[in-house]
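Heads up: the structure comes next, in structure tokens.
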Amino acid sequence: MKHKILLFALLLTQFIGFSQRYRYTTTLFPASTITQNVVYGTAPSVDGFGTVESSTTPQNLLMDVYKPQGDTFTNRPVIIFAHPGGFFTGSRNVDDMMAFCDYFARKGYVTATIDYRLGFSITDNVAMHSIRAVYRGLQDGRAAIRYFRANSATYGIDPNKVYFVGSSAGAFIALHSIYLDQISEKPAEAGINPYTNITPPFSHIAPDLGGLDIGAYLGFNGKPDAVISMWGAIQSTNLITPSNNTPVFLIHGEADSTVSFNTGSPFGYSSLPQADGSNPINTKLNALNFTNKETYFVPGVGHEFYGVANGTWSNGAGGNAYWPIVLDRSTSFLWKQHKPTADFTSIPIALTVNFTDTSLGATSWSWDFGDGTTSTLQNPSHTYTAAGNYTVALYIENLNKSWDEISHPITLSTMGLTDNSKELFQIYPNPTNAIVTISLGKTASKVNYQIIDYSGKIVKENSLSESQLFNVNVENLESGLYFIKITVDETVGFGKIVKN
């Protein structure tokens, strides 16, 4: 009975491992589990919903954390979502933020939807109050990032893979978190500012809001590792410097009248300061030659174009036709931030092929040799039973269980490497016990040769320039059949050498 139980456990482990391939791009888990009302920080909240900046009350900053149901992996990326609402309304419980969290948790991420401090005066000193509201949101977003990095073991996450996604006001937080990242860039409005109300009491002093990072876990970095901005903007593209190359995905409707796709005051309210939208941001990134960015700009559509109003489904049941497009493109963008890169080379000797993994970032390998056989070795050797054409596929994963795959065709014949030496070069004497001479048909600017034994191992190689005739010493090689691969400029030829 014990042996049967052990066998079942091993089979179950293999099935679970196989069934969780393509993590982060495929829905692998049946549901998400939610931990609500997690306190990720405490910060001073302006009393009177932002009307009197000099009077504050400590406020707990809350988030809901989503995990893949039944998942035991402990090195997952985490995505933080920040809701819309113009820094005046909204909450972590709006429809789209909760839908995002559940969607990505089922793919294997840990996700969270956060509340942040809201409220500012819209009747007097509007520019100052609004800038301070954005700055407080920036501080809260950074606090959420620091919280996860400090508690990475608790949540089973990779502290170096913390992503931030924002909608509208939440996108202002996301973008400023990567572009307003130096205290020297802190706006003057976030410092001490005397101001006058239109209602009693008339005179006030807005206190200094402090640095970019306030509250707990100050020893941890508050800048995200990648950002998705949906219909967002920043104070000015002057904030974007050559060092601000954090990966970013910009999503915006080109007819947005709430947050301008170009440059303008939010809501068209001239008392609010102008902000640079996704188009000038993208222009600046192009000018800096940044390539780690993506855009999804849609002509003729406005704010929150995937079917919400302030984060609430417009039809009461889910997004419109743009919703799955945003999901798919966001899925792809985030996966690219942590995926390895698969690749391999192969050397066929008769029906035996030696495969060499040339992937970047892989920690596990799964080969499909195209004939019904597989291997999990990094650099396997495989002998086929018949000549023919095969497609060899390699699937890899890294420490985050993120993945990539690639396939290459190979052609095998019973003759092994095709001897086309007569077309490119001559070999003599052959057989030999010491030195062979290689004679090319003409002088080549660049020549590379490799001596390959019957197992596919390269036992000797060299590169030459401006050569037509050269010698190769095989005296130290054991007796037997060897293959020589010669690359003449861009042309490759194979021959055989017999060492006696």
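Numbers for residues simply follow the sequence, beginning at 1. From a predicted model like this one, the values you see are computed outputs, not experimental measurements.
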Side chains of Thr27 and Lys107: donor-acceptor distance under 3.5 Å anywhere?
-> yes

Do Ser479 and Asn500 have side-chain atoms, one donor and one acceptor, less than 3.5 Å apart?
-> no

Are any non-hydrogen side-chain atoms of Asn430 and Val498 less than 4.5 angstrom apart?
-> yes

Side-chain contact test, heavy atoms from C-beta onward, threshold under 4.5 Å: evaluate it for Phe172 versus Val259 and give yes or no.
-> yes

Side-chain contact test, heavy atoms from C-beta onward, threshold under 4.5 Å: evaluate it for Asp158 versus Leu399 and give yes or no.
-> no

Mind checking salt bridge (Lys or Arg N to Asp or Glu O under 4.0 Å) for Lys284 and listing every partner two or more places apart, or none if nothing turns up?
-> none

Just jot down the side-chain hydrogen bond (donor to acceptor under 3.5 Å, both in side chains) partners of Asp276, sequence neighbours excluded, or say none.
-> Thr263

In chain order, what residues pass the side-chain hydrogen bond (donor to acceptor under 3.5 Å, both in side chains) check against Ser359, with sequence neighbours excluded?
-> Asp357

Just jot down the salt bridge (Lys or Arg N to Asp or Glu O under 4.0 Å) partners of Asp181, sequence neighbours excluded, or say none.
-> Lys223

Is the distance between the ring centroids of Phe369 and Tyr390 less than 6.0 Å?
-> no

Find out whether His408 and Val392 are in side-chain contact, i.e. whether some heavy atom of one side chain is under 4.5 Å from a heavy atom of the other.
-> no

Name all residues meeting the salt bridge (Lys or Arg N to Asp or Glu O under 4.0 Å) criterion together with Asp368; count only those two or more places apart in sequence or in a different chain, and write none if there are none.
-> none

Could you tell me whether the side chain of Asp256 reaches within less than 4.5 Å of the side chain of Ser278, counting heavy atoms only?
-> no

With sequence neighbours left out, the residues meeting side chain to side chain contact (heavy atoms under 4.5 Å, CB included) with Glu466 are Thr443, Ser445

Modelled atom types, side-chain donor and acceptor of Thr283 and Asn286, under 3.5 Å | no

Angle class for the Phe249/Phe333 ring planes (parallel below 30°, perpendicular above 60°, tilted otherwise)?
-> tilted

Would you check if there is a donor-acceptor pair between the side chains of Thr356 and Asn379 at a distance under 3.5 Å?
-> no

Compare every heavy atom of Gly311 with every heavy atom of Pro84, then report the nearest pair and how far apart it is.
-> CG-N, 3.7 Å

Roughly how far, to the nearest 0.5 Å, is the CH2 atom of Trp367 from the CD atom of Gln378?
-> 8.5 Å

Side chains of Phe164 and Thr246: closer than 4.5 Å at any heavy-atom pair?
-> no

Here the salt bridge (charged side-chain N to carboxylate O under 4.0 Å, His left out) pairs for residues 337-355, sequence neighbours left out, are Lys339-Asp404

Would you list the pairs meeting salt bridge (charged side-chain N to carboxylate O under 4.0 Å, His left out) in which at least one residue belongs to residues 211-222, sequence neighbours left out?
-> Arg142-Asp213, Arg146-Asp213

For Ala444 against Val488, the heavy-atom pair lying closest together = CB-CG1, 3.4 Å

CG/Asn320 to CD1/Ile325 distance, rounded to the nearest 0.5 angstrom?
-> 8.5 Å

Any idea which heavy atoms bring Tyr147 and Met63 closest together, and the distance?
-> CD2-CE, 4.2 Å

Would you call Phe470 and Val447 a side-chain contact if the rule is heavy atoms closer than 4.5 Å?
-> yes

Apply side chain to side chain contact (heavy atoms under 4.5 Å, CB included) to Ile486 and Ile438, showing your working.
-> CA-CA 10 Å; Ile486 300 181; Ile438 309 297; 3.6 Å; yes

Residues Lys485, Ile458; criterion side chain to side chain contact (heavy atoms under 4.5 Å, CB included); working and verdict = CA-CA 10 Å; Lys485 175 184 177 183; Ile458 298 173; over 6 Å; no

Donor-acceptor pair, Ser177 side chain versus Leu175 backbone, under 3.5 Å?
-> no

Output every pair passing salt bridge (charged side-chain N to carboxylate O under 4.0 Å, His left out) with a member in residues 69-82, not counting sequence neighbours, ordered by first then second residue.
-> Arg23-Asp71, Asp71-Arg76

Where does the angle between the aromatic ring planes of His382 and Tyr384 fall among parallel (under 30°), tilted (30 to 60°) and perpendicular (over 60°)?
-> perpendicular

Ser32: side-chain hydrogen bond (donor to acceptor under 3.5 Å, both in side chains) partners, not counting sequence neighbours | Asp102

Checking Arg21 against Tyr395: charged group under 6.0 Å from the ring centre and within 45 degrees of the axis?
-> yes

So, does Thr363 use its side chain to make a donor-acceptor pair with the main chain of Glu397 at under 3.5 Å?
-> yes

side-chain hydrogen bond (donor to acceptor under 3.5 Å, both in side chains) against Tyr179, all qualifying residues, sequence neighbours excluded | none

What is the distance from atom OG of Ser346 to atom CZ of Phe355, rounded to the nearest 0.5 Å?
-> 5.5 Å

From Gln450 CD over to Asn462 CG, what is the distance, rounded to the nearest 0.5 angstrom?
-> 11.0 Å

Working for side chain to side chain contact (heavy atoms under 4.5 Å, CB included), residues Ile80 and Ile114 = CA-CA 7 Å; Ile80 301 168; Ile114 66 170; 3.7 Å; yes

May I ask you to check whether Trp365 and Phe344 place their ring centres under 6.0 Å from each other?
-> no

Determine whether Ile145 and Asn221 make a side-chain contact, defined as any pair of heavy atoms from C-beta on separated by less than 4.5 Å.
-> no

Take Leu469 and Thr437 through the test side chain to side chain contact (heavy atoms under 4.5 Å, CB included) and record every step on the way to the result.
-> CA-CA 7 Å; Leu469 190 73; Thr437 297; 3.5 Å; yes

Please report the shortest heavy-atom distance between Leu250 and Val248, naming the atom on each side.
-> CD2-CG2, 3.8 Å

Over all heavy atoms of both residues, which pair between Phe297 and Glu254 is shortest? Give the atoms and the distance, please.
-> CB-OE2, 3.6 Å

Return the minimal non-hydrogen interatomic distance between Lys161 and Asn400, and the atom names on each side.
-> CE-OD1, 3.9 Å

Verdict with reasoning, Ser463 to Asn448, per side chain to side chain donor-acceptor pair (under 3.5 Å) = CA-CA 4 Å; Ser463 295; Asn448 175 270; 2.9 Å; yes

When Tyr24 is tested against each of Tyr109, Tyr103, Tyr163 for ring pair (Phe, Tyr, Trp, His ring centres under 6.0 Å), which residue passes?
-> Tyr109

Centroid-centroid under 6.0 Å between Tyr66 and Phe104 rings = no

Are Arg149 and Phe220 in a cation-pi contact, defined as NZ or CZ under 6.0 Å from the six-membered ring centre and within 45° of the axis?
-> no

In chain order, what residues pass the salt bridge (Lys or Arg N to Asp or Glu O under 4.0 Å) check against Glu294, with sequence neighbours excluded?
-> Lys336

How many angstroms lie between atom CG of Leu180 and atom CG of Asn244, to the nearest 0.5 angstrom?
-> 9.5 Å

